[in-house]
Every structure is written in C-alpha cells, then in structure tokens.
Amino acid sequence: MEYNFNEIEHKWQQLWMKDGTYTVSNNSDKPKYYVLDMFPYPSGAGLHVGHPLGYIASDIFARYKRLKGFNVLHPMGYDAFGLPAEQYAIENGIHPAVSTDKNIATFRKQLDNIGFCFDWTREVRTSDPHYYKWTQWIFLQLFNSWLNRQTQKATPIQELVTIFEKEGNKNQPFPNEKFRISNLVPMTIGDPIFTAEDWAAFDATTRQAILMEYRLAYCGYGEVNWCEALGTVLANDEVVNGVSERGGHPVVKKKLRQWYLRITEYADRLLKGLQEVDFSEAMKEMQTNWIGKSSGAEIQFTIDHSPLTLTVYTTRPDTIMGVDFMVIAPELDLVDQIKTPEQAKAVDEYIAYVKSRSERERMSEKKISGVFTGAYAVNPFDGRLIPIWISEYVLAGYGTGAIMAVPCGDERDFKFAKHFNIPITNIIGTHFNGEEANATKDAVLENSGFLNGIPMREAMELVIQTIEEKGIGKRKVNYKMRDAAFSRQRYWGEPFPIQWKNGTAYALDAATLPLELPEVDSYKPGPEGEGPLANIPEWVARELETNTMPGYAGSSWYFLRYMDPHNNTEFASRPATDYWNQVDLYIGGTEHAVGHLLYSRLWTKALHDLGYLSFDEPFKRLVNQGMIQGSSRFVYRINGTNTFVSHGLITDETSFDGKTLDKIHVDVNFVDGTELDIDSFKKWKNNEFANAEFIFEDGKYYCGTEVEKMSKTKFNTVNPDDLVNKYGADTFRMYEMFLGPVEMSKPWDTKGIEGVHRFLKKLWRLFYKDVAPGTELQAQAVWTNDTPTPAELKILHKAIRKIEEDNERFSFNTGVSAFMILVNELTDLKSHKKQVLESLLIMISSYAPHIAEELWQALGNTSSVLDAAFPVFNEVYIKESEKEYPISVNGKMRTTMTLSLEATQPEVEQLVLASEVVQKWLDGKPPKKIIYVKNKMVNIVV
RNA sequence: GCCCUGGUGGUGGAAUUGGUAGACACGCAGGACUUAAAAUCCUGUGGGCAGCAAUGUCCGUGCGGGUUCAAGUCCCGCCUGGGGCACCA
C-alpha cells in the first residue's frame, strides 16, 4: 500500500478538529506547561516558509510535553493592528478591519494545512474590541499609578496625592526631568521640591500637571519624523536618507504631544529580573546594553560672560582636568541662548542640517562634523576656558545631551579634536601616545591640578565628593534607555481611553470601555500632524485623545489573555493566571529582543505590583528562532535592450562588454538551482519578458544569487501551501526542522525536501509492503507480534535516549536524523516488531503527527497516539562492555583499538604499546607519557 | 558607528563537557530492477600525493597568532555574512 499523505492528513485534521483533540482545559490534575509562539502580524502576503519555523518547533515541543503527561497550553492569535493595513486602506479605501480579517483567514488556512496543535478556541486578535477593551483597561492602570521609589512598586496614584497632602514631594522626587510639560509646571531645573503647603496652594491644573510627571503612562512632548509634503508623521522605516520613502519628500524632526510609558522607572528591576529567567546570554546582554545603566556624575559648568550653566553627564569625572572642549546636542535650547553673533550663522546652518538627519544616521556617521558656538564653559577647578561645540554625535536624549570631551581618553573626542585642531591636554602621561586615545582607568593622573598623582579609580570618587561639596554637581546613575513612546498619529490602533479637559488628561470610566475605534471617511492624517481621528468632528467634540496606541500595546500582554480568552469581567481571572502562571517556553525571533520583550516584562511587573498577577516575569524560558532568509535569483539585462546575459559570462554585476547591466530579481519558483526556466520567465508578469533574448552559456541561462530577507518584492518567497500539497504536512514539518538548528538563520532551499519525504516513505514500508493494487490490506501489512531481539531493543533505546535529549535541548534537526538512523537500522535488520514500531510512532508523532496516528491506529490502537506515553529509556538494553578507542600519537589519531571499558591505565599502556602502528610511530623512542581518558581516547606523547 | 550573532565538503548541516572532524541528508558518479520511465535498492563521494589495489601519507573547520598531551570547541588580533539600534512587526 502506498503512503497517501494527502488523504491521511485531511482525514486526521478533520477528526482531530471534530473531537476537539487540541482543546485545553484550565482544570486538570496534570502538571501544566505553557508553550507560546510570538504571534504573527497577518500581512497581506500570507505565510511564507519562514513563519512556521518557530511554530513547528514549538508544536513539536508542545506535543512532546503532552506525551510526557503535561496539560499543555499552546495557543495562537494575531497581532492585528499595524501600519501596513492602514497604508493599504489609504491606498485602496478598504477598512483595515476588512483587509485584516481577510489576511487572518488566509493565515488560518495556511496554518491549518501544517497540522499544528493550537487550541483555536483561545485565539486572540489585538484589534478585536473584546480584546482591546482590556488593553485600554491596563493602560488606565498604568495611567493611574506611579512607581513608589521607597517600595519600588507600582502604586495607585491616589496614594501619591495623600503623600503630597501630608509631606509634599520631598520623599517622592520627580522621576524624570526630560519630558516635562514645562509650561504647566513652574519649576524647570534641578530637583524641584514642594511642600504640603505648596501642594495645597496649587490649582487643579497644576496638580494634574505634577501628577502627570509621575504616572507610569504619561503625556509629554517628543520628536517625530515630520513630512510636511505628506502632512504626516513617518515611521523610521519610511524615511530613507532624510527623505520620505514614498515620494522622496524632505523629513524633519517635529515636536508633538506624545504618550509615554515610564519604563525608565523599572530599569533596575528589568535588569535584576534577567537573573531569574532562562534567556540566552546574548539576549540578556542585549537587554542589559539597551537599558545601559552607567554611573558617574552630573557636573555643572558656568558659562563665561553668561548667567547660564551647562550641565554635562560623564562616567569619568576623574578626567575633569583633561577636558579640552564641550559638545552639546545641536537641538538643545541652550544652543540658541549661548551662540555668539559671529557664530550664529554657522550654528543655525548646522542645526538645520542636523534636523534633517535621523538618529541612526547621526550615530553611524563616520564623517566628523560640528560647529563652535563661540561660547566658553569655565572649568570650576582651574578656571580654564573650554570652548563649547555642537555636533550631531551627541544626542539630546542621552544623559543631559551634553558631554565634556577628553580627547586623550576617548576615541571619538580625540578624532574630533584632531579634525578641528583643538589642542589636547594629556592627563595620563605615558599611557597616551598622541596617536590614539586611551580609555584606561589605570593611569595615575598628571597635568590635573589638585588630582595630580592620584590613580584614576580613586580620583573618580574624590571628584564626585568635591563637586557635591561645592554644590556644582552630583553623583548620578544614568540609563541609556529612554521612556517608551506610546502613541502614534495613526488610525489603526487602540484608541486611548482619555479625555482632555482644558489641557488636562482625564481617564475615562473603566465601565465605559471599550472605547471603540470610530468609522472614518478617510484614513488621511489630521491637521498639524495629528492622527486621522482628529478629522472626526464628533470625536474632537467629545475631547477624546486623537492619538492611538502603538503596535506593541496589544502584544505586551496577549500571553495573559490566552489563559482566559472569553472573560468579560477581567483581562483574565486570577485562578486562570495562577494556574497557567509564567510562559514556560517562549519562541520567537531576536528582532524582538529589546522592544516587545522589554515591554511585556514591564507590563507584567506593573500588573504584579498592582496585585493582579502572582508572578512578575512573564517568560520563564526563551528560545530564539533564526530567520529563514530568501535566496534571491537575478537575471542581467543589457541596459536599453531586451538581451539577458547568463551570470557565468559576466565578471562584475554592473557591466558586460562595456555596457551597463540591469540586475533584476526573478521569481525563485521558476529557477531550478540557478538555471532559469526560459518558458516560465517569458510568461512571467503578463508576458513582460516575452520577447527576451538570451546570451547563454552551454545552452543554458544561469542566474546570479544573493541571500536577502524573504519578501514578495524580491520574488524569493516560497509558499508552504505548495510544499504541503506536493509532499504533505508531515514532510514539510520535518524538513523545516531538518534544515538546521532552530536558533540559526539560514537561507531557504527547497532542494533536499525529497530526502525527508523518502524517509517517511521508508518509515511507511516498515508497516506495509509495496504490492500490486487490489491486494488485501492484511496481506500488505508486514508488522508482527514477535518479541524484539536484544539488537532491536538496543537500537530502539539508543534512539529513545537521543530523541528525548534532542527534544529537551531544542535540537530538532538532529532529532530528525535520529529518526532516520532508527528507521535505516530497522530496515537493515528487516525488523517489523509491533512493540518496537509503537515506540517509534509515539516518538515521531510530535514531528509527523498524521502519519503517526494513521499507522498507530492501523496497528489496532483505538485511542489517539497524541495521548500515548513517551517511551521510557532503559539503560540495560544499550550497555556496552568495550569500546573502540582512538589511539593518538602526539595528538594525531593513528589507529583505533577495541578495549574493555574496565581497562586500567597499566593494562591500556601495555596493550597500546604492543600495537604495530604505535610501534611504527614511536620509531624506537620511549613514550614520555600515556594519557588515557576512560570512554574517550588514548594519547601517547613522545 | 554601537550592541548581539554566525562562518565546517559541491549544498544544508553533525561533533551536547577540550578527546576518532564531516553523523544524517541533498547533489553527483557508477550499478541493479524495468521494454522504458517513475519509484525502490546497492556502491562510492573533503582535498592533494603515491599505489593496479588493499592501503599509506600529508593538508584541512573564514584569516593570522597563542594556550594544551590534545583546539571546529579556549584566549588575542583581523576579515566577512546576518539581526537590532527606540514609529515595520
């Protein structure tokens, strides 16, 4: 009988759905296990072979855990708000909800094809009002809380009001000086402290403005990419080289009112939490670097001939006597106040240039640029005048937006000084060679006035103490991380449950949620950079917030909703969150390393603090899946002609025979390896290339290749549906795993899937023989009830151990190969023992569930293989008494010898030295030393 | 630019704790079965040199150094592909 995968897979998918095989209960005696995938954004392009990589891995693991006796939660849903649907709406007038629903239907169909064990009764969609009702509700929790610095916990803001009434804010200082709504709060510099009496005297507006400075979700002003020509705010993605991607219009920075999450208040807890989670070291490092905790000092410098001061943040206060110039961020207001008339023109021109630059460009620019403001700061210790420059490499958002530059100790400062011929003071003696900066902390200070002769590490402390005593600075812990911008001037996102009254934001009553997205006539931006909601008169009349929430709002807590997805009175019931608790295993790409993962951790901590959750880290173990890249194919057309040159004939990709070449992506689906299918190419894109002519090599046209992101515009996507149709879901699942380690990125190549398909057919033949059609089913079955031999049990148990180990360490590629070895060995032994085959089927059911279930039931089992118990490894069957050891001479393997595992050092030495090969390599010389590592190797040192 | 990560045969990859480099596949070559094809099966397959052969021998894990009895694995310095860098998700 033939392996008819299409029929088998449809049959079982329908039966499993009918029986609710994947429905998971919140009540179970079994231990729980929560396996979670990062849910997808349902793009219009549908699923490509890259998407399911992580899903298949998690699916295998979820099924494996089920076989191991766990109650496994393995849900799926959609991150359904987002920019592409809105852009599509602008271009085609289709409501994003409509296109999103359509895309989701496509995704669902594609996912179903692959045979995942998702519990679809728990599906969530972030754009569903039943879902975002709770996103809004959580937002209000954040809006109505602040982080109490004494307890380090999110606390209802009402308690803060009580504290202010009693003692003012002396014990609860303003958390953040960067996003002050300065017009509303009278204090603007330093640590503004007010008393209980002050508080009592403030009017309601001032009080609300002050509370806003504390809220975990707060409103402030921030810069956005503003494109005047399009009248809209652009994502970083949409800005290329300072102009809009669409249309190439100029883009400048513009300050707009924005919502923020005060994630900086959680910086320390987010750092500390990393110690208790099982993430890769790389992931922890990335998050740690992103948070960017540093300690140093804030130092105020007076400005010569000016009442103003310049505050810099430095991690190296010990180098204060080596400061040769200051650099401040061009966008600081201070620049305008201190620039001298002579320098004003140059300064203004430079600011205009910087305004057109993205932060990314500013940071990666190698070319040194900057302008002297004409002003000088005064070194508080020796009165030396220090020129103040502006340069794009200093960003306003980090520290105070100003640095003291010490060229002998900092590479960037050094290059800047060299470029502008600024004299360099050497404070580290011989540690500085004049050729490059030396960031050492081990030097003894020279040329440093009161610090002369003091080692740098000691000087740091001394300088901090001194500036604190003099009242010109203070010790300061700083974070590179900034508060998270939490609003978008867009339509397709969650509306904020916020009403503005006379410039003050008030929370809507939670009982009125959800605040649903209104219908709009057009998805075009509103006036003055506001979002589309600002175009709706009724919305504006109700004084509702016109911003919407960003993409990561809904994804910051979706893992909680899966636990209790239909709850209408809470985001999830406490018994449900207590039962499912943390996500035991979370799988997704590293591209979410610092965004989504940090925000989810923040939301979880806040909800925990406010008493809604028993845990404060959402994800216990995180596995990062690599990205499947596309392998693009190119054809090369001689510019201005219809002639295409085969890749092997050109030496560089831009020209051929003195003529310019156009490098054009072609659809990988009609290229075999690198050989172009000419007929398909000619018919492609409505016969666009019907008249193409070719310069062949060996009668064939070969394409160029490049590894790029998989994307429709590059014509390098491969649709899983096609592969499932041709080879079946089980083959597809196993092949995706067989490609390589889940964590690693790799280009997709369909070649090779045949091998996995052949393997499944070979598995099938362990049960049924190929015979003429029409033969009785019984006559085709080849399995027997005989007792397995020791040899059969040995290969089986070796496989059990290997596969269990591979599953646990997420090494599914070697898992697949272990199945191949097992099937190869059983085939070689002509072994068809039911007892062995059943164990094999149970193990392989998590990789290839359909074929496993089919054969399992063919063997006479009446319950599903999905609920069987994973076979138990027994060492007895694989015990060895001897081993073939590699014998090395001077570390080079020369021969092998089979030795008893019981052998002792003297025995081994004697046996090994007796070997002819060893004698030959010894060449008469006596061995210096014989290294024998039991069960590993023997090495003879001569 | 900064942070993270990868680089092993013609290809995807294996080598889990420093201990037989190339498991398992793809591809390729040769063979069996077949009128033929498909399917299936068998054999070989890192490179060089020597040999009819069995085999022997040298080289070999991006490049250059180092540690070690022993390095794909550890250390130092480079080259290079990928991801992220705060409004793509």
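Not measured: the values here are computed from a predicted model. Residue numbers begin at 1 in each chain, while the letters A, B, ... track the order of the sequences.
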Checklist entry - Under 4.0 angstrom, heavy atoms only, what part of the nucleic acid is Ser487(A) near: base, sugar-phosphate, or nothing? => result base
Checklist entry - Which part of the nucleic acid does Lys480(A) contact within heavy-atom distance under 4.0 Å: base, sugar-phosphate only, or nothing? => result base
Next on the checklist: Checking contacts here: which listed nucleotide (C87(B), G83(B), A21(B)) is nearest the side-chain heavy atoms of Arg490(A)?
Outcome noted: C87(B)
Item to check | Any donor-acceptor N or O pair under 3.5 Å, side chains Lys929(A), Asn939(A) | outcome: no
Next on the checklist: If the glycosidic angle sits within 90 degrees of zero it is syn, else anti. Tell me which applies to G77(B).
Outcome noted: anti
Item to check | For atom NZ of Lys936(A) and atom C1' of U73(B), their distance in whole Å | outcome: 13 Å
Next on the checklist: Need one value for Asn939(A): base, sugar-phosphate or nothing, where a base atom within 4.0 Å counts as base even if backbone is also close, heavy atoms only.
Outcome noted: base
Next on the checklist: What's Met820(A) touching, base or sugar-phosphate or nothing? Going by heavy atoms closer than 4.0 Å.
Outcome noted: sugar-phosphate
Next on the checklist: Using side-chain hydrogen bond (donor to acceptor under 3.5 Å, both in side chains), reason through Asn807(A) and Tyr847(A) one step at a time and then give a plain yes or no.
Outcome noted: CA-CA 10 Å; Asn807(A) 285 347; Tyr847(A) 289 70; 2.8 Å; yes
Next on the checklist: Taking any heavy-atom pair under 4.0 Å as a contact, classify Trp748(A): base, sugar-phosphate, or nothing.
Outcome noted: nothing
Checklist entry - Under 4.0 angstrom, heavy atoms only, what part of the nucleic acid is His592(A) near: base, sugar-phosphate, or nothing? => result base
Next on the checklist: In this structure, how many angstroms lie between the P atom of C26(B) and the OH atom of Tyr735(A), rounded?
Outcome noted: 10 Å
Checklist outcome for this item: note: Asp806(A), atom CG; U16(B), atom P; distance rounded to Å ~ 11 Å
Item to check | Aromatic plane relationship, His592(A) with His596(A) - under 30° parallel, 30 to 60° tilted, over 60° perpendicular | outcome: perpendicular
Item to check | Nucleotide nearest Asp79(A) (side chain, heavy atoms from C-beta), chosen from G84(B), A89(B), C87(B) | outcome: A89(B)
Next on the checklist: Heavy atoms only, 4.0 Å cut-off, all strands: where does Gln629(A) land among base, sugar-phosphate and nothing?
Outcome noted: sugar-phosphate
Item to check | Below 4.0 Å: OP1/OP2 of C24(B) and any side-chain N or O of Asn824(A) | outcome: no
Next on the checklist: Students often get this wrong, so: under 4.0 angstrom with heavy atoms, is Gln258(A) touching a base, only sugar-phosphate, or nothing?
Outcome noted: base
Item to check | Minimum-distance nucleotide (side-chain atoms of Thr814(A) versus C24(B), A15(B), U20(B)) | outcome: A15(B)
Checklist entry - With respect to the side chain of Met286(A), which nucleotide from G19(B), C4(B), C88(B) is positioned closest? => result C4(B)
Checklist entry - What nucleic acid atoms does Lys284(A) come within less than 4.0 Å of, heavy atoms only: base, sugar-phosphate, or nothing? => result nothing
Next on the checklist: If I take atom CD in residue Gln489(A) and atom P in nucleotide C87(B), what distance separates them, rounded to the nearest angstrom?
Outcome noted: 11 Å
Item to check | Value in whole Å for how far the C1' atom of C41(B) lies from CZ of Arg758(A) | outcome: 12 Å
Next on the checklist: Less than 4.5 Å apart, side chain to side chain, heavy atoms only: is that true for Phe819(A) and Met843(A)?
Outcome noted: yes
Next on the checklist: Exactly one of Gln489(A), Arg488(A), Gln258(A), Glu530(A) should register a side-chain hydrogen bond (donor to acceptor under 3.5 Å, both in side chains) with Asn547(A). Which one does?
Outcome noted: Gln489(A)
Item to check | Residues Glu331(A), Arg362(A): salt bridge by 4.0 Å N-O rule | outcome: yes
Checklist entry - Which part of the nucleic acid does Ala282(A) contact within heavy-atom distance under 4.0 Å: base, sugar-phosphate only, or nothing? => result sugar-phosphate
Checklist entry - U16(B), A23(B), C59(B): which one has an atom nearest the side-chain heavy atoms of Lys892(A)? => result C59(B)
Item to check | Nearest to side-chain heavy atoms of Lys751(A), which nucleotide of C87(B), C26(B), C58(B) | outcome: C26(B)
Checklist outcome for this item: Quick note, Glu591(A) side chain, CB onward, closest among A25(B), A21(B), G83(B) is G83(B)
Next on the checklist: Applying a 4.0 Å non-hydrogen cut-off, can you work out what Ile931(A) is touching in the nucleic acid: base, sugar-phosphate, or nothing?
Outcome noted: base
Next on the checklist: Just to be sure I understand the rule, does Glu743(A) reach a base, reach only the sugar-phosphate, or reach nothing, if contact means heavy atoms closer than 4.0 Å?
Outcome noted: nothing
Next on the checklist: Mind checking if Lys746(A) touches a base, just sugar-phosphate, or nothing, with heavy atoms under 4.0 Å?
Outcome noted: sugar-phosphate
Next on the checklist: Measure CD/Glu365(A) against P/G1(B) and give the value in whole Å, please.
Outcome noted: 11 Å
Checklist entry - Where the side chain of Trp921(A) is defined as all heavy atoms beyond and including C-beta, which of C24(B), U57(B), C87(B) is the nearest nucleotide? => result U57(B)
Checklist entry - Of the candidate nucleotides C88(B), A70(B), U20(B), which contains the atom at the shortest distance from the side chain of Thr896(A)? => result U20(B)
Item to check | Selection from A86(B), U16(B), U40(B) that lies nearest to any side-chain heavy atom of Trp290(A) | outcome: A86(B)
